[in-house]
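Inspection log for the structure reproduced underneath, given as structure tokens.
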Amino acid sequence: YLYIPKKGKGIAVKTAWKKFPADIYIFMDADLATDLNALPKLINTIKNENYDIAIGSRFLKESKVKRSFLRKIISFTYRIVKKIIINSKISDAPCGFKAINQKTLKNIIPKVKNNGWFFDSELLILAEYENYLIKEIPVKWADIREENDKSKVKIISLGWNYFKNILKLKKRLDKKYE
């Protein structure tokens, strides 16, 4: 357990990763929407296949995904917007199931400015621009909260926030890679 007084997914993950030394750094969303049976493959991708980043993807053919129609539409839209604006080839940047190696922690994490939900998308996009090796793995994913206790995440406003962050990041990337 690590108490972090500031709010935000990004600040929580970055603070924890910097505080505890490890060979591989992992995070997964607290609601455990991603089946943990994919965890060994996530680790193996970094440890034995020499990728810098491994991410769960709900968009791979082998993935088994259960989520609401609205969330499917918003995810699909975000994926298209990210591809058009940033030219990202990563299919599922916001999936909360990721692992990175020490090189990524040292070189990319300090460049990630977002401390909220957009943190992991920014991490992947920056790593992609720096030519880090990224592998997406299939996952079994179920939006458990849709059925039981509704998520506190406001999906429409979060989508708008992601869009604004994509535009900000695009400006940063254009300046750096002109």
Side-chain angles (χ1 to χ4, degrees), residues 8-14 16-17 24-47 49 51-101 104-105 108-109 112 114-129 132-148 150-163 165-166 169:
K9 174 183 179 177
I11 192 73
V13 173
K14 289 189 284 188
W17 282 355
I24 299 171
Y25 298 86
I26 298 170
F27 82 86
M28 61 198 74
D29 287 346
D31 64 359
L32 297 177
T34 306
D35 187 325
L36 293 181
N37 287 321
L39 190 57
K41 183 158 179 65
L42 194 74
I43 293 168
N44 184 57
T45 300
I46 302 290
K47 186 177 180 183
E49 296 180 37
Y51 281 86
D52 299 307
I53 302 173
I55 65 173
S57 176
R58 297 166 286 197
F59 292 106
L60 299 176
K61 289 178 199 170
E62 304 88 0
S63 296
K64 307 282 187 244
V65 178
K66 182 180 175 189
R67 64 195 319 204
S68 72
F69 182 72
L70 177 61
R71 286 190 177 243
K72 285 180 185 177
I73 294 296
I74 290 173
S75 290
F76 179 77
T77 303
Y78 174 60
R79 185 177 167 195
I80 298 300
V81 166
K82 187 173 56 64
K83 174 127 181 91
I84 292 168
I85 294 174
I86 301 280
N87 195 30
S88 175
K89 292 168 184 48
I90 297 163
S91 71
D92 198 359
C95 182
F97 194 69
K98 295 182 176 63
I100 67 170
N101 61 15
T104 306
L105 178 75
I108 300 295
I109 293 297
V112 177
N114 189 278
N115 288 325
W117 291 104
F118 188 70
F119 152 78
D120 45 339
S121 287
E122 183 178 352
L123 160 68
L124 292 174
I125 293 164
L126 291 173
E128 192 174 26
Y129 266 71
Y132 278 61
L133 296 176
I134 303 169
K135 182 175 182 179
E136 295 185 76
I137 65 166
V139 292
K140 183 177 178 186
W141 195 92
D143 198 348
I144 301 161
R145 297 184 136 217
E146 289 288 318
E147 298 167 4
N148 301 333
K150 295 286 185 185
S151 172
K152 292 178 178 77
V153 175
K154 307 268 189 278
I155 194 71
I156 302 293
S157 62
L158 182 62
W160 178 245
N161 186 289
Y162 269 60
F163 179 71
N165 278 293
I166 282 285
L169 185 55

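Bear in mind the structure is a predicted one, so any value in this text is a computation, not a measurement.
Glu136 places no side-chain N or O within donor-acceptor distance of the main-chain N or O of Leu60, the cut-off being under 3.5 Å. Between the Tyr25 side chain and the Thr104 main chain, no donor and acceptor come within less than 3.5 Å of each other. Glu122 places no side-chain N or O within donor-acceptor distance of the main-chain N or O of Leu169, the cut-off being under 3.5 Å. Checked by atom type and distance alone, the side chain of Ser88 never pairs as donor or acceptor with a backbone atom of Ile125 at under 3.5 Å. Proximity of a side-chain donor or acceptor of Lys82 to a complementary backbone N or O of Ala93 within less than 3.5 Å is not detected. With hydrogens and angles ignored, the 3.5 Å screen pairs no side-chain donor or acceptor of Asn115 with any backbone N or O of Gly8.
Closest approach of Pro94 and Ser121 over heavy atoms only: N-OG, 4.0 Å. Contact between Ile134 and Glu128 at its shortest, heavy atoms only, is CD1-N, 3.8 Å. A pairwise comparison of heavy atoms in Val81 and Phe163 identifies CG1-CD1, 3.7 Å as the closest pair.
Contact annotation: the side chain of Asp120 never approaches that of Phe97 to less than 4.5 Å [non-hydrogen atoms, C-beta and beyond].
Between Tyr78 and Tyr162, the angle of the ring planes goes over 60°, which puts this pair in the perpendicular group of the 30/60° scheme.
Every residue two or more places apart in sequence or in another chain that forms a side-chain hydrogen bond (donor to acceptor under 3.5 Å, both in side chains) with Asn161 is listed here: Asn165. In this structure, the side-chain hydrogen bond (donor to acceptor under 3.5 Å, both in side chains) partners of Ser75, at least two apart in sequence or on a different chain, are Arg67. Taking Asp29 as the reference, Lys9 meet the salt bridge (charged side-chain N to carboxylate O under 4.0 Å, His left out) condition, with sequence neighbours excluded.
Other residues, nucleotides and ligands contribute at most 12 non-hydrogen atoms within 6.0 Å of the NZ atom of Lys140.
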